[in-house]
S.K.: 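One structure is given below, represented as structure tokens, and several questions about it will come after.
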Amino acid sequence: MYSMKLRKEKYDDFVAALGKQNLYAPQKKGETLVFAPVEAGSSIPEFLNTTVPPKNIVYPQTETLYCFQAGDTEMSLPEGDEEKVVFGIRPCDARAMALVDDLFSWDDDDPYYLEKRAKTTLVGLACNAPDNNCFCTSVGGGPASTEGLDVLLTDLGETFFLQVLTEKGEKLCQSLGELLEKAAEDDLKAVEKLHEEAEQKISRKIDTEGIPDKLMGLWDSELWAEISEPCLGCGICTYLCPTCYCFDIQDEVEGYDGRRCRMWDSCMFGEYTLHASGHNPRPTNRERTRNRVNHKYSYYVEKFGKIACVGCGRCINLCPVNIDILNILTKVKEAL
Amino acid sequence: MNNKPKIGVYVCHCGINISKTVDVEAVTEFASHLPYVEVARNYSYMCSDPGQLLIKEDIKNQGLNRIVVASCSPRMHELTFRKALAEVGLNPYYLEMANLREHCSWVHQDREEATIKAKKLVAAAAAKARLLEPLVENEVDVEPATLIIGGGIAGIQAALDIASAGFKVYMVEKTPSVGGKMSQLDKTFPTLDCSACILTPKMVDVASHPNIELMTYSQVEEVSGYVGNFEVKVRKKARYVDVNKCTGCGLCAEECRLHNRIPSEFDMGMGKRSAIYIPFPQAVPAKYTIDPERCLFLTRGKCGKGPKCIDACLPGAINFEQEDEIVEFKVGSVIVATGYDLFDPSRKPEYGYNDYPNVLTAMELERLVSASGPTGGEILLGRGKGEEPYIPKEIAFIQCVGSRDASCGNEYCSRVCCMYTAKLAHLMTEKIPDANVRVYYMDVRAFGKGFEEFYDRVRREGVHYIRGNPSEVFKRGDKLVVKAEDTLTATPLEDEVDMVVLAVGLEPRKDAREIMDLLRLSQSGDRFFLEAHPKLAPVDTATDGVYLAGCAQGPKDIPDTVAQAKGAASSALILLSSGKVKVQAQISSVDESTCRGCGFCVEICPYGAVDLVTVNRMGHQVQVARVNEAVCKGCGACVAGCLSGSIQQRSFKDEQILPQIAVLGGMR
Amino acid sequence: MVDLEKLRTVAKETVSRDDVKYLIGWRQGTYGFRVSPHFMKEPEEAEKLIFSPLCSNNLATYLTSVEKLPVPRGEEPDTRKVALMVKGCDSRAVVQQIVEQGIKREDVIIIGCPCDGIVDLNKVKEKFPNVLELVQARWNNGNVVFQLPEGEKEVPREEVLADKCLTCRYPNPVEADVMLWEEVKTRGSDEYADIKEMEVKDVQEKKSYWQDKFSTCIRCYSCRNVCPMCYCEDCILDRLNPNWIFRSVNATENMAFHLTRAFHLAGRCIECGECERVCPVDIPLMKLNRKLYKETREIFDYEPGLDLESKPLLASYRPDDQEDFIL
Amino acid sequence: MSEQFKPNIVAFLCNWCTYAGADLAGTSRMQYPANVHIIRVMCTGRINPLFVVNAFQQGADGVIISGCHPGDCHYMEGNFYARRRFTMLREMLEYVGVEPERFHMSWVSASEGAKWKDVVEEAVESAQKVGPFDQFRRNKINW
């Protein structure tokens with residue numbers, strides 16, 4: 001496709017131009033960076049990545065499937081979704097969406113997810129300075145990976161360098177018209193250099209070769225108990241993981257009014273696998289941690305040929321007890 | 001059984017009481033569209049037989065399994081409708097009421113607003129009704145015995161009634177003899193029977209009745225358990241006299257080094273007794289007791305060369321080694337007949353009770369009048385040491401001392417003072433024919449049988465009634481001066497008299513708190529024990545199986561006391577003779593699978609109904625809470641204190657209340 | 001002063017006992033300033049144990065969070081004691097757990113570590129960003145000395161310690177079987193300045209403040225799970241019947257969730273601050289918990305986690321409790 | 001606003017005192033605003049403070065808790081526990097921005113029908129002052 005440039009001082013106009021669509025970009029909410037609708041007059045925040053991944057834009061944490069009345073059989077469906085543009089999504093998070101697409105269009109199409117996904121244009125921002133715990137390069141990605149993106153931006157200081165990647169991206173750029181400038185040959189060189197340097201800056205790495213095949217062999221290993229011992233069973237690693245997609249469906253009834261909702265669930269929660277009988281096939285954090293790792297590095301690979309981890313480092317950064325996926329993988333490799 | 005909710009909603013017009021303000025038709029129509037509602041009807045009087053029949057027929061014919069009655073307060077007719085459900089075989093706890101009358105039609109005038117509110121109330125009731133569960137009223141066995149605390153006339157009467165019906169009675173009396181205050185009285189109003197003559201035979205009956213176990217000089221230490229199954233611990237205080245050997249001859253008292261040197265409580269301190277004593281000659285049991293606070297041997301460790309009473313006692317009954325004894329037994333019910341204290345007139349210093357020996361309380365005069373009293377029935381007042389006693393000629397009674405008087409904390413009327421004053425005034429004119437007797441009063445309350453007639457008679461006998469509350473009693477020369485105002489003539493008076501008698505009122509006993517804690521009783525505003533209902537349950541208390549008799553519940557005269565004692569006895573007998581007692585159904589229960597045994601509920605329960613028990617949960621020994629269903633009263637305080645929601649109150653579960661909140665909050 | 005030799009000797013001895021299941025202590029983490037809880041079962045592991053201004057985890061939470069798996073027929077559950085290293089605040093959690101019968105005093109061996117304050121990793125990260133190599137730290141006269149790759153660096157306590165440590169009134173364990181070194185002096189006092197500042201704001205300000213804070217909550221329940229006082233077998237937040245609080249993540253449910261959580265800690269929270277530390281979206285949870293703590297102290301003259309014989313605040317009452325707001 | 005705002009008040013009353021007191025207000029034909037809705041429980045001790053939070057979520061603009069005077073509890077102690085619990089709850093609610101005008105607690109005995117009327121009027125008036133509750137009301141969001 002083709003490349004363009006956007007001057008940073010024109011960000012306001014950019015926001016205005018996309019005014020009719022819903023533009024999401026990283027915003028500070030209190031102390032925390034999240035993706036949120038941009039309002040006119042806001043600036044581009046300095047950020048490495050958001051604490052909360054943008055997955056909730058296409059896969060909301062709570063989604064009403066339909067509403068009903070107790071004692072009644074009629075139901076009403078929620079209204080359709082609007083077009084959205086996500087500005088500043090990091091390549092890892094975009095890759096995650098591409099990964100999850102496989103799941104939601106696998107045996108049956110999931111209309112709720114796919115509709116939102118189709119109506120969302122992802123404008124990514126390459127990482128010039130990856131974080132300590134970024135390890136995207138170990139799992140098939142990179143600081144300038146384009147997978148899942150419609151447009152990739154690279155920060156050149158004064159300007160953003162735009163690489164238009166898909167039709168959706170092109171449509172978006174066209175709608176911006178005059179705002180964009182033609183990119184120069186030098187710019188592209190500078191961008192490529194930046195991308196290369198960024199990749200060099202990734203300090204934590206692991207060779208995942210062999211892990212997916214052999215993980216199942218460690219099913220009964222002592223390793224899992226050791227790793228999971230300090231685990232608190234909270235939802236940080238899964239809720240903040242851009243590729244985790246598990247959900248639960250619950251009815252929420254107020255008086256006589258009810259709605260059936262789909263909401264994120266976490267395999268690290270005890271009741272995730274709790275049977276009505278009281279039996280729990282994954283009764284402790286040991287089994288749950290094993291499942292989380294196996295799911296990402298074995299089951300998903302088996303089903304879709306890809307590791308369901310994009311190396312964003314969120315679970316490492318935010319785990320309250322320092323359970324570190326790279327440390328786990330290292331131990332797994334040692335045990336193999 | 002298919003338990004899909006099928007709700008019937010019945011909206012009552014209550015004549016026009018509801019329908020005047022609430023559009024009953026609209027509410028019925030609205031209710032018929034509520035989820036799970038099969039039938040919605042309205043009727044002029046749901047509580048009437050035809051009204052109830054409507055419900056019963058629908059239950060039978062349409063298979064309804066939840067009933068909502070939208071009518072008056074459930075406090076009024078919940079039981080009525082529960083019975084109706086039960087009569088056609090539906091569990092009575094499948095009923096929920098919406099209060100459209102007291103809480104809606106009677107308190108609102110705007111028909112539109114009231115109708116909307118009525119709809120909400122009905123919808124909330126239906127939302128809860130859907131989630132109601134059938135409850136069983138369990139039964140527990142009743143221990144066929146009664147504990148009676150207090151051996152006054154109330155306790156005596158109750159004991160005799162219950163014992164005569166064939167049930168065991170344990171009577172516990174704090175003092176060495178039964179008889180109580182009545183035994184101190186000379187005559188009783190208005191008939192002027194001799195108090196001792198009518199009381200002593202009953203006292204003897206109590207002691208000799210084969211079904212009554214009498215424990216005098218004893219105190220209840222502990223009562224645990226619950227209706228039908230109370231466990232009682234009684235401390236029998238050491239008398240230092242073996243009651244099986246004591247013949248009541250009294251030689252010991254004659255020999256006592258403190259013979260006639262200790263003020264006699266029975267004679268209000270005007271007579272004297274020994275350190276070894278019986279309270280009064282007719283005491284039952286007629287067994288001597290050594291006063292451990294007075295006896296020289298017990299207080300100082302020596303009594304001359306040795307206690308003389310030991311030598312005097314031929315049967316060898318005296319035993320200084322004796323110790324308190326704890327007796328334990330089980331009873332099904334308890335009657336509290338602990339009586340009252342007399343108002344202490346030193347709390348009204350203006351009447352000079354502490355200053356002048358010729359200011360007496362009515363009870364003191366009672367003892368003076370009594371033939372068995374310290375003066376052998378003569379009205380003789382001492383002037384002080386060495387001076388000749390004299391007979392008072394000018395006598396003033398002051399009524400309402402410590403009654404109807406907010407300044408001393410007693411707003412209530414003591415109910416007996418008017419009549420005992422009249423009686424004593426009469427006795428004065430009888431004993432001292434030339435005496436001038438006047439009574440200062442606020443109002444004369446002569447409401448009982450023969451009371452007004454007696455009051456008239458006393459006035460005819462020359463007792464002068466002056467309406468006015470004296471402000472002061474002071475001394476002028478040999479005389480006492482009563483300063484008052486005759487409010488009927490608006491005349492200030494300074495009345496010189498020889499004797500002032502204070503008609504002191506009745507007060508709750510000072511040790512009432514101990515009994516309250518023992519039996520979990522409450523006090524009413526007057527600090528007497530609180531009955532379960534002032535009109536319809538005047539002998540019952542909030543604690544099932546515990547009943548009140550006599551002045552412990554409030555001031556009353558002897559006939560009322562006896563009547564209430566018989567009432568308490570009959571209530572206790574209902575329990576004992578049926579042998580079973582139903583326990584509350586709407587009580588708490590624990591989900592032991594989620595309880596974490598923190599014990600908050602145990603701490604909170606006012607009845608001690610929750611215990612922690614150890615159970616085996618999948619091989620682990622864990623502590624969980626468990627409710628004693630017979631003890632739980634269904635207040636639900638434990639439920640709100642439980643963090644995990646593991647303890648729930650039947651019919652008031654969280655999942656039953658939350659839908660009510662949803663409907664009343666949002667009405668969606 | 002911190003004596004790691006003593007700590008390791010005691011740990012070795014303790015773990016060697018037949019009646020001890022394991023000892024829970026702290027060890028170095030996987031990178032930078034991180035520290036991880038360590039479950040020590042063999043004496044040889046003693047060398048891994050550390051105690052430093054980086055040891056933020058309140059290990060008392062593990063006493064009650066162990067899943068009780070079904071015991072196979074014929075087998076006995078492992079009822080051996082657990083040994084636990086505690087700071088001042090951690091020890092209060094243990095005491096409160098004992099008061100609430102979550103654990104039995106005789107089932108736990110409390111190893112007391114008087115503590116001069118724990119760092120707030122966010123403050124540290126601001127000072128020393130991008131440190132991947134493992135860093136150790138120690139106290140020096142109350143200040144914190146970091147052993148960075150470029151050399152030692154001493155930072156005044158006010159600049160790096162967690163807020164809760166700057167106001168800490170109980171730096172020394174209130175209950176311990178062994179006290180590892182001499183007690184430290186109490187440097188903090190708590191006037192609840194932050195709470196009072198909040199209290200006097202007008203209602204609209206309060207409203208939008210909390211609305212804003214709670215709106216970021218993703219309901220990961222890390223605040224609940226890390227809390228040593230949250231250990232119901234079955235939390236009402238996980239229940240579907242009754243469904244007190246919907247799982248839906250939105251302003252109303254988040255608010256209700258946080259009010260419920262805070263209220264359930266009323267008179268129970270021992271101010272260890274773990275909830276606030278672990279929150280991935282930086283909700284100032286202690287600002288709410290401490291409000292209730294303040295009222296508990298001021299109105300009822302009660303502090304949890306100090307006295308093994310005390311009764312839980314809301315499972316007791318005094319007839320003369322204040323009631324000036326009641327009509 | 002021409003039409004005066006009618007706040008929706010949910011009241012939790014104990015069976016023995018305030019519910020009976022409200023019955024008495026009815027029997028005495030006292031008039032009070034219709035926008036108060038009563039939920040009967042056996043004792044104030046049963047009222048989980050979270051009911052109040054829930055009532056606000058479910059659409060109440062104000063909440064009343066009422067029971068027996070201290071010392072008069074039918075179950076002796078329930079209202080003492082309630083008093084502690086609601087003291088804490090009230091502090092918390094006010095702190096997070098729920099106007100204190102929305103939460104009322106009272107002691108109303110079975111004989112105080114007139115006091116019940118006063119309490120209702122007070123609750124309605126003060127809730128009127130602060131307007132509809134929307135801080136964390138459920139149906140405003142996502143419905």
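Proteins come first, then strands; the chains are lettered A, B, ... in the order of their sequence lines, and each starts at number 1.
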S.K.: Relative to chain C, which segment of D/Phe56 carries a heavy atom at a distance below 4.5 Å: side chain, backbone, both, or neither?
M.R.: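 D/Phe56 has no heavy atom closer than 4.5 Å to chain C.
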S.K.: Using heavy-atom distances under 4.5 Å, tell me whether C/Asp320 contacts chain D through its side chain, its backbone, both, or neither.
M.R.: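 The answer is the backbone of C/Asp320.
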S.K.: Please determine whether side chain to side chain contact (heavy atoms under 4.5 Å, CB included) holds for the pair C/Lys207 and D/Glu99, giving the CA-CA distance in whole Å, both sets of side-chain angles, and the decisive distance to 0.1 Å.
M.R.: CA-CA 9 Å; C/Lys207 215 179 261 193; D/Glu99 296 86 348; 2.8 Å; yes
S.K.: Where on C/Glu205 is there a heavy atom nearer than 4.5 Å to chain D: the side chain, the backbone, both, or neither?
M.R.: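 When you check distances to chain D, no heavy atom of C/Glu205 falls under 4.5 Å.
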S.K.: At a heavy-atom separation under 4.5 Å, does D/Glu94 approach chain C through its side chain, its backbone, both, or neither?
M.R.: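 Both backbone and side chain of D/Glu94 come within 4.5 Å of chain C.
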S.K.: Could you tell me the separation between the NE2 atom of C/His258 and the CE atom of D/Met92, rounded to the nearest 0.5 Å?
M.R.: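 These two atoms lie 12.0 Å from each other.
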S.K.: Let's go through D/Arg138 and C/Glu253 carefully: what are the C-alpha distance in whole Å and the side-chain angles of both, what is the deciding distance for salt bridge (Lys or Arg N to Asp or Glu O under 4.0 Å) to 0.1 Å, and is it a yes or a no?
M.R.: CA-CA 8 Å; D/Arg138 262 181 190 153; C/Glu253 303 308 328; 2.5 Å; yes
S.K.: Tell me, do C/Ile299 and D/Arg84 make a side-chain contact under 4.5 Å, heavy atoms counted?
M.R.: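 C/Ile299 vs D/Arg84: side chains apart.
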S.K.: Quick check: do C/Leu327 and D/Trp107 have side-chain heavy atoms less than 4.5 Å from each other?
M.R.: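 In short, these two side chains do not touch, never coming nearer than 4.5 Å.
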S.K.: Take the angle between the ring planes of C/Trp244 and D/Phe51 and call it parallel below 30°, perpendicular above 60°, tilted in between.
M.R.: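 The rings of C/Trp244 and D/Phe51 lie parallel, inter-plane angle below 30°.
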S.K.: What is the distance from atom CG of C/Asn250 to atom CZ of D/Phe136, rounded to the nearest 0.5 Å?
M.R.: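 Here the interatomic distance stands at 12.5 Å.
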S.K.: Should we count NZ of C/Lys201 as having more than 12 external heavy atoms under 6.0 Å?
M.R.: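 Counting neighbours around NZ of C/Lys201, more than 12 heavy atoms of other residues, nucleotides or ligands fall under 6.0 Å, so yes.
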S.K.: Any side-chain heavy atom of C/Phe325 within less than 4.5 Å of one from D/Phe103?
M.R.: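 A side-chain contact under 4.5 Å exists here.
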S.K.: Which atoms of C/Leu292 are under 4.5 Å from chain D, going by heavy atoms: the side chain, the backbone, both sets, or neither?
M.R.: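 Contact with chain D involves both backbone and side-chain atoms of C/Leu292.
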S.K.: Looking at side-chain heavy atoms only, is the closest gap between D/Leu89 and C/Phe263 below 4.5 Å?
M.R.: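 Yes. Closest side-chain heavy atoms under 4.5 Å.
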S.K.: Please determine, among C/Ile245, C/Asn254, C/Ile195, the option with the most heavy-atom pairs under 4.5 Å with chain D.
M.R.: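 Of C/Ile245, C/Asn254, C/Ile195, C/Ile195 has the most heavy-atom pairs under 4.5 Å with chain D.
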S.K.: Tell me which of these, C/Arg318, C/Lys213, C/Glu295, C/Lys291, has more heavy-atom pairs under 4.5 Å with chain D than the rest.
M.R.: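 The option with the most such pairs is C/Lys291.
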S.K.: Only pairs of heavy atoms separated by less than 4.5 Å count here; which of D/Glu77, D/His104, D/Arg83, D/Met105 has the most with chain C?
M.R.: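 With the most close heavy-atom pairs to chain C, the winner is D/Arg83.
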S.K.: Need one label for D/Leu93: side chain, backbone, both or neither, based on atoms under 4.5 Å from any heavy atom in chain C.
M.R.: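 For D/Leu93, side-chain heavy atoms alone lie under 4.5 Å from chain C.
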S.K.: At their closest point, which heavy atom of C/Ala266 faces which heavy atom of D/Met88, and how far apart are they?
M.R.: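 Taking every non-hydrogen atom into account, CB-CE, 4.1 Å.
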S.K.: Within the 4.5 Å heavy-atom criterion, are D/Leu50 and C/His264 side-chain neighbours or not?
M.R.: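 When only atoms from C-beta onward are counted, C/His264 and D/Leu50 do touch, with a gap below 4.5 Å.
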S.K.: Who wins among C/Ala256, C/Gly267, C/Ser316, C/Ala315 for the most heavy-atom pairs under 4.5 Å with chain D?
M.R.: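 Answer, by heavy-atom pair count under 4.5 Å with chain D: C/Ser316.
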S.K.: So which of C/Val203, C/Leu259, C/Leu314 has the biggest tally of heavy-atom pairs under 4.5 Å with chain D?
M.R.: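 So the answer, after comparing C/Val203, C/Leu259, C/Leu314, is C/Leu259.
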S.K.: How about CD on C/Glu126, more than 12 heavy atoms from neighbouring residues, nucleotides or ligands closer than 6.0 Å, or not?
M.R.: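 At most 12 heavy atoms, drawn from other residues, nucleotides or ligands, come within 6.0 Å of this atom.
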S.K.: Taking the side chain as C-beta and beyond, is there a heavy-atom pair between D/Tyr95 and C/Met198 under 4.5 Å?
M.R.: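 A side-chain contact exists here, since the closest heavy-atom pair is under 4.5 Å.
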S.K.: Counting only heavy atoms not in C/Asp301, do more than 12 fall under 6.0 Å of its CG?
M.R.: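 Counting other residues, nucleotides and ligands, CG of C/Asp301 stays at 12 neighbours or fewer.
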S.K.: Testing D/Arg137, D/Gln135, D/Gln57 one by one against C/Thr252 for a side-chain contact (heavy atoms from CB on, under 4.5 Å), which residue passes?
M.R.: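 Testing C/Thr252 for a side-chain contact (heavy atoms from CB on, under 4.5 Å) against D/Arg137, D/Gln135, D/Gln57 leaves exactly one candidate, D/Gln57.
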S.K.: Under 4.5 Å from any heavy atom of chain D, what part of C/Lys294 do you find: side chain, backbone, both or neither?
M.R.: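 No part of C/Lys294 comes within 4.5 Å of chain D.
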S.K.: Take atom NZ in C/Lys196; do more than 12 heavy atoms of anything else shown fall under 6.0 Å from it?
M.R.: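 Yes - once you tally the heavy atoms of other residues, nucleotides and ligands closer than 6.0 Å, there are more than 12.
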S.K.: Go through the atoms of C/Ser208 and report whether side chain, backbone, both or neither lie under 4.5 Å from a heavy atom of chain D.
M.R.: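 When you check distances to chain D, no heavy atom of C/Ser208 falls under 4.5 Å.
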S.K.: Can you tell which part of C/Leu288 gets under 4.5 Å to a heavy atom of chain D, answering side chain, backbone, both or neither?
M.R.: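 For C/Leu288, backbone and side chain are both near chain D.
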S.K.: Could you list the residues that satisfy side-chain hydrogen bond (donor to acceptor under 3.5 Å, both in side chains) with C/Arg290, not counting sequence neighbours?
M.R.: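 C/Arg290 satisfies side-chain hydrogen bond (donor to acceptor under 3.5 Å, both in side chains) with C/Asp190, C/Asp194, C/Glu271 once adjacent residues are dropped.
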S.K.: Taking the side chain as every heavy atom from C-beta outward, state whether D/Thr87 and C/Glu323 have any atom pair closer than 4.5 Å.
M.R.: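 A side-chain contact is absent here, since even the closest heavy-atom pair is not under 4.5 Å.
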S.K.: Taking side chain as everything from C-beta outward and backbone as N, CA, C, O, which of these in D/Val53 sits under 4.5 Å from a heavy atom of chain C? Side chain, backbone, both or neither.
M.R.: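 Side chain only.
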